[in-house]
Participant: 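Following this message is one structure expressed as structure tokens.
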Amino acid sequence: MLAEHKLKAFQDFVTRSSHEELIWMNGFIAGLVSADPVSAGITGKAEATATRVDKISIVFGTETGNSKKVATEFAGKAKKSGIKVKLSSLDQYRLSDLPKEEYLLLVISTQGDGEPPATAKKFYDHIHQESLTLDKTRFSVLALGDSSYPMFCKAGEDVDNQLHKLGAKRIVPIQKCDAEFAEDAAEWFEAVMKALSENNSNTATPVAAKKPKGKKNYTGIIRTNLNLNDRGSNKQTHHIEIAVEEEIQYEPGDAIGIIPHNRKELVDSIITVTGADPDATVEFRNEQYSIAEALTRKINIVHLPERIVKEYATVVQQEIPDTRIDLLDLLRIYPVKGPAQFEQVIATVLEPIVPRLYSISSSPEAHAGELHITVARDRFSVNQETKYGLCSDFLSGLETETTIDFYIHKNSSFKLPGGDKDIIMIGPGTGIAPFRSFIAERDATGAGGRNWLFFGEQCFVTDFLYQTEIQNWADTGVLTNVHLAFSRDQESKIYVQHRILEHGAELWQWLNEGAYIYLCGAKAPMSTDVEKVLVQIAEHHGGKSASEALSFIENLKDEGRYLLDVY
Ligand SMILES: Cc1cc2nc3c(=O)[nH]c(=O)nc-3n(C[C@H](O)[C@H](O)[C@H](O)COP(=O)(O)OP(=O)(O)OC[C@H]3O[C@@H](n4cnc5c(N)ncnc54)[C@H](O)[C@@H]3O)c2cc1C
Ligand SMILES: Cc1cc2nc3c(=O)[nH]c(=O)nc-3n(C[C@H](O)[C@H](O)[C@H](O)COP(=O)(O)O)c2cc1C
């Protein structure tokens, strides 16, 4: 292969090189060969392709479909470049395959308070509990998250650390992504592909982890804040219209994220109890604020998680039982020693207020320059005292003409199909919100597909949200079918699932003709009750056995024809 004098010089050079130098040269030559088709031709095809990765696995763990969307896009790109791809959701991933993986790309979001999505739980627990060896595996993690949460991209970080601990080698470092993830995700994938094409050994030059690009925040003005429930209702549901000058990029099905402010009376009481100077400057998460401002707009002071209570106990050196508690109660029962210690608590213990999401109930086509949301004021009682949820209370009380900051949360898995497709929307309570957007959008764009709405609430007279609009859409034929369930208008409770069952034959026919089903609203018990009824319909009207009916519904989900947005 080499002329004798070259071979001798080569052997001489190699024997005088260190192990590290040999590894570097190996990578360097592989790079030269794969980048240079002429020399690849000279050295022979087998050698040129020896370093090429021809098969990868891409797995995703998702709640609202964003991780699935990017993973699917990457799978498509990799396939186009000639690489075989095994794409799977982590809930369907065969755990016994893990030690055999050579190249594994993971796209995973973080949910709850730093937890993995439900669909990734089994995988997450498996890698944390089992004594696995993954020394054959090279991997990289794309972590989707939202920097407004204290545990930013925690699930992705955990997976990255744990796989590394089990012996797997990183192809490129973990990339964390904020609410606007598309650009960071694309760059991460490019870096992975580059690393894989440059060098198949474990010696690729490490790439520094990149800081995630921030997210776009908008400021709007409240134009309308209207309680949609009539006098006498048990509910308070606000239709809020926000005017925005900037053009906003969103699609029906997306939500907005809002960081609420704390109530003034609560902030004032905390300042009184601690003796803090409201105007004194304090540092919180690397920014300077006055204490009053930090307590109003930045710091979570309600329903503190147990871990915060534990850390507080350490700072104030008092025994405090494991519990969730509001900051004011904590300060009253286990006081700080003075304003200086309170500032220490702010700087080292307390966490930011986390955002809350609200489905957008307006349509970009029908409501240009505005964004609407539909907010149920969350009321609950603690020790017989009536309390309200932080954000829904804040939003319900917003005066018109005040400003509000928000960002767009993309919900990639809850999107309208093509205009010619039929859709069945099941949205009791605030579940109506994205469907108001869907229907308005299809009306404004003249979509030809049929639209069927199931809506439910407590009483027809007081709780028929968006009654006039829904009736107009029914009158003008935009809504082909509307079925309503008012649970408290008769002795026995009637919910949307009862209406769905009553119309099972027609629903089955729509499904057979290709209709898409959408379900939005309360996760429990509504979404499980509705799903049971859909299974029953597949049994009774589709002649399926119980297990066939279940897999029929699962198939609809897999095909993207049964879509959920439940919370
Ligand atoms: C994708 C998505 C879309 C959504 N769309 C909508 C929508 O269109 N409309 C809508 O109204 N909601 C929607 N939600 C729900 C919304 O995001 C909020 O979860 C809801 O408004 C409650 O938030 P809150 O701040 O008012 O209540 P929080 O303050 O977060 O309280 C929530 C619950 O925590 C408990 N809790 C809170 N404080 C205490 C305390 N001091 N002591 C004991 N328990 C306490 C209570 O059980 C309370 O009900 C959506 C959620 C998601 C994930
Ligand atoms: C209820 C809820 C809790 C969340 N908790 C976190 C969190 O603790 N840390 C974080 O980085 N992101 C958190 N997020 C943001 C999501 O990870 C982010 O929206 C991501 O794009 C969702 O991707 P997915 O659609 O693939 O699940 C949370 C989102 C929601 C709706």
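All values below were derived from every heavy atom in this structure, side-chain atoms included, with hydrogens, water molecules and symmetry-related copies excluded. Start at 1 and go down the list; that is how both ligands and their atoms are numbered.
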Participant: For ligand 2, find out whether one of its N or O atoms is nearer than 3.5 Å to an N or O atom of Lys154.
Facilitator: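 Looking only at distances, the answer is no, because the N/O contact criterion of under 3.5 Å is not met.
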Participant: Taking the six-membered ring for Trp, are Tyr149 and Phe152 closer than 6.0 Å centroid to centroid?
Facilitator: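 Not under 6.0 Å, so no.
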Participant: Report, in ascending order of atom number, the atoms of ligand 1 lying under 4.0 Å from any heavy atom of Thr430.
Facilitator: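 Atoms satisfying the 4.0 Å criterion: 9 (N), 10 (C), 11 (O).
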Participant: Polar-atom distance check: Asp378 versus ligand 1, any N or O pair below 3.5 Å?
Facilitator: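 Min N/O separation from ligand 1 is below 3.5 Å for Asp378.
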Participant: Taking atom 47 (O) of ligand 1 as the reference point, report whether a protein heavy atom occurs under 4.0 Å from it.
Facilitator: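 Under the 4.0 Å cut-off, atom 47 (O) of ligand 1 has no protein heavy-atom neighbours at all.
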Participant: Taking the six-membered ring for Trp and the single ring otherwise, decide whether the centroids of Phe139 and His164 are under 6.0 Å apart.
Facilitator: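 So the answer is no for these two rings.
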Participant: Ignoring angles and geometry beyond distance, decide whether Ala376 reaches within less than 3.5 Å of ligand 1 through its nitrogen or oxygen atoms.
Facilitator: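 Min N/O separation from ligand 1 is below 3.5 Å for Ala376.
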Participant: Excluding sequence neighbours, so at least two apart, what forms salt bridge (Lys or Arg N to Asp or Glu O under 4.0 Å) with Lys213?
Facilitator: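 Scan of Lys213 (salt bridge (Lys or Arg N to Asp or Glu O under 4.0 Å), adjacent residues dropped) gives Glu183, Asp184, Glu187.
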Participant: Could you check whether Phe414 and Tyr518 have their ring centres less than 6.0 Å apart?
Facilitator: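 Between Tyr518 and Phe414, the centre distance is under 6.0 Å.
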Participant: Against the six-membered ring of Tyr218, is Lys216 placed for a cation-pi contact (under 6.0 Å from the centre, within 45° of the normal)?
Facilitator: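 The answer is yes; both the distance and angle limits are met.
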Participant: Can you tell me the protein heavy atom closest to atom 27 (O) of ligand 1 and the distance?
Facilitator: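 Nearest protein contact, heavy atoms only, for atom 27 (O) of ligand 1 is Gly389 CA, 3.2 Å.
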Participant: Would you indicate which of Lys387, Arg324, His303 comes nearest to atom 36 (N) of ligand 1 when only heavy atoms are counted?
Facilitator: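 Of the listed residues, His303 has the closest heavy atom.
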Participant: When you compare ligand 1 with Leu357, is there at least one nitrogen or oxygen pair between them that comes in under 3.5 angstrom?
Facilitator: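 Checking ligand 1 against Leu357, an N or O pair does fall under 3.5 Å apart.
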Participant: Out of Val107, Thr110, Asn66, who is nearest to atom 7 (C) of ligand 2 when you count heavy atoms only?
Facilitator: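 Ranked by closest heavy atom to atom 7 (C) of ligand 2, first place is Thr110.
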Participant: Counting the benzene-type ring for Trp, do Trp188 and Phe74 have ring centres under 6.0 Å apart?
Facilitator: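 Centroid separation for Trp188 and Phe74: below 6.0 Å.
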Participant: Under 4.0 Å from a heavy atom of Cys153: give me the atoms of ligand 2 that qualify, with their elements.
Facilitator: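 Counting atoms of ligand 2 from 1, those under 4.0 Å from Cys153 are 10 (C), 11 (O).
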Participant: For ligand 1, is there an N or O atom under 3.5 Å from any N or O atom of Leu390?
Facilitator: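 Such a contact does occur with ligand 1.
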Participant: Report the nearest protein non-hydrogen atom to atom 3 (C) of ligand 2: residue, atom name, distance rounded to 0.1 Å.
Facilitator: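 Here the nearest protein heavy atom works out to Gly112 N, 3.3 Å.
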Participant: If you have a sec, work out which protein heavy atom is nearest atom 24 (P) of ligand 2 and how many Å separate them, to one decimal?
Facilitator: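 That would be Thr62 OG1, 3.3 Å.
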Participant: Which part of Ser392 is near ligand 1, with near meaning a heavy atom under 4.0 Å away: side chain, backbone, both or neither?
Facilitator: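 It is both backbone and side chain that touch ligand 1.
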Participant: Between Asp146, Thr64, Val70, Asn411, which one has a non-hydrogen atom sitting closest to atom 15 (C) of ligand 2?
Facilitator: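 Nearest option to atom 15 (C) of ligand 2, by heavy atoms: Asp146.
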Participant: Relative to ligand 1, is Tyr358 under 4.0 angstrom through side chain, backbone, both or neither, heavy atoms considered?
Facilitator: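 For Tyr358, backbone and side-chain atoms both sit under 4.0 Å from ligand 1.
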Participant: To the nearest 0.1 Å, how far is atom 31 (C) of ligand 2 from its closest protein heavy atom, and which atom is that?
Facilitator: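 That would be Leu357 CD1, 3.4 Å.
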Participant: List ligand 1 atoms under 4.0 Å from Val382, heavy atoms only on the residue side.
Facilitator: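 Atoms satisfying the 4.0 Å criterion: 42 (N), 43 (C).
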Participant: Relative to Tyr407, does Lys215 satisfy both conditions: NZ or CZ under 6.0 angstrom from the six-membered ring centre, and within 45 degrees of the ring's axis?
Facilitator: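 Relative to the ring axis of Tyr407, which defines the angle, Lys215 lies inside both limits.
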Participant: For Arg356 and ligand 1, does the shortest N/O to N/O distance drop below 3.5 Å?
Facilitator: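 The answer is yes, given that Arg356 and ligand 1 share an N or O pair closer than 3.5 Å.
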Participant: Given Ala433, Gly257, Ser396, Cys391, identify the one with the heavy atom nearest to atom 25 (O) of ligand 1.
Facilitator: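 Looking at heavy atoms only, Cys391 sits closest to atom 25 (O) of ligand 1.
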Participant: With no hydrogens and no angle check, is any side-chain donor or acceptor of Ser362 less than 3.5 Å from a backbone partner on His372?
Facilitator: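 Checked: pair present.
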Participant: For Lys410, does the NZ atom have more than 12 heavy-atom neighbours from other residues, nucleotides or ligands under 6.0 Å away?
Facilitator: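 Atom NZ in Lys410 is crowded, with more than 12 foreign heavy atoms closer than 6.0 Å.
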Participant: At less than 4.0 angstrom from any non-hydrogen atom of Met151, what atoms of ligand 2 do you find?
Facilitator: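 Under 4.0 Å from Met151, ligand 2 has these atoms: 7 (C), 8 (O), 9 (N), 10 (C), 11 (O).
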Participant: At under 4.0 Å between heavy atoms, is it the side chain or the backbone of Asp565 that contacts ligand 1, or both, or neither?
Facilitator: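 The answer is the side chain of Asp565.
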Participant: Any side-chain donor paired with an acceptor under 3.5 Å for Asn262 and Thr296?
Facilitator: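 The criterion, which ignores hydrogens and geometry beyond distance, is not satisfied for Thr296 and Asn262.
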Participant: With heavy atoms under 4.0 Å as the rule, classify the contact between Asp326 and ligand 1 as side chain, backbone, both or neither.
Facilitator: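 Side chain only.
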Participant: Is the NZ or CZ atom of Arg263 positioned over Phe394's six-membered ring, under 6.0 angstrom from the centre and within 45° of the axis?
Facilitator: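 No - Arg263 does not lie over the ring of Phe394 by the 6.0 Å and 45° rule.
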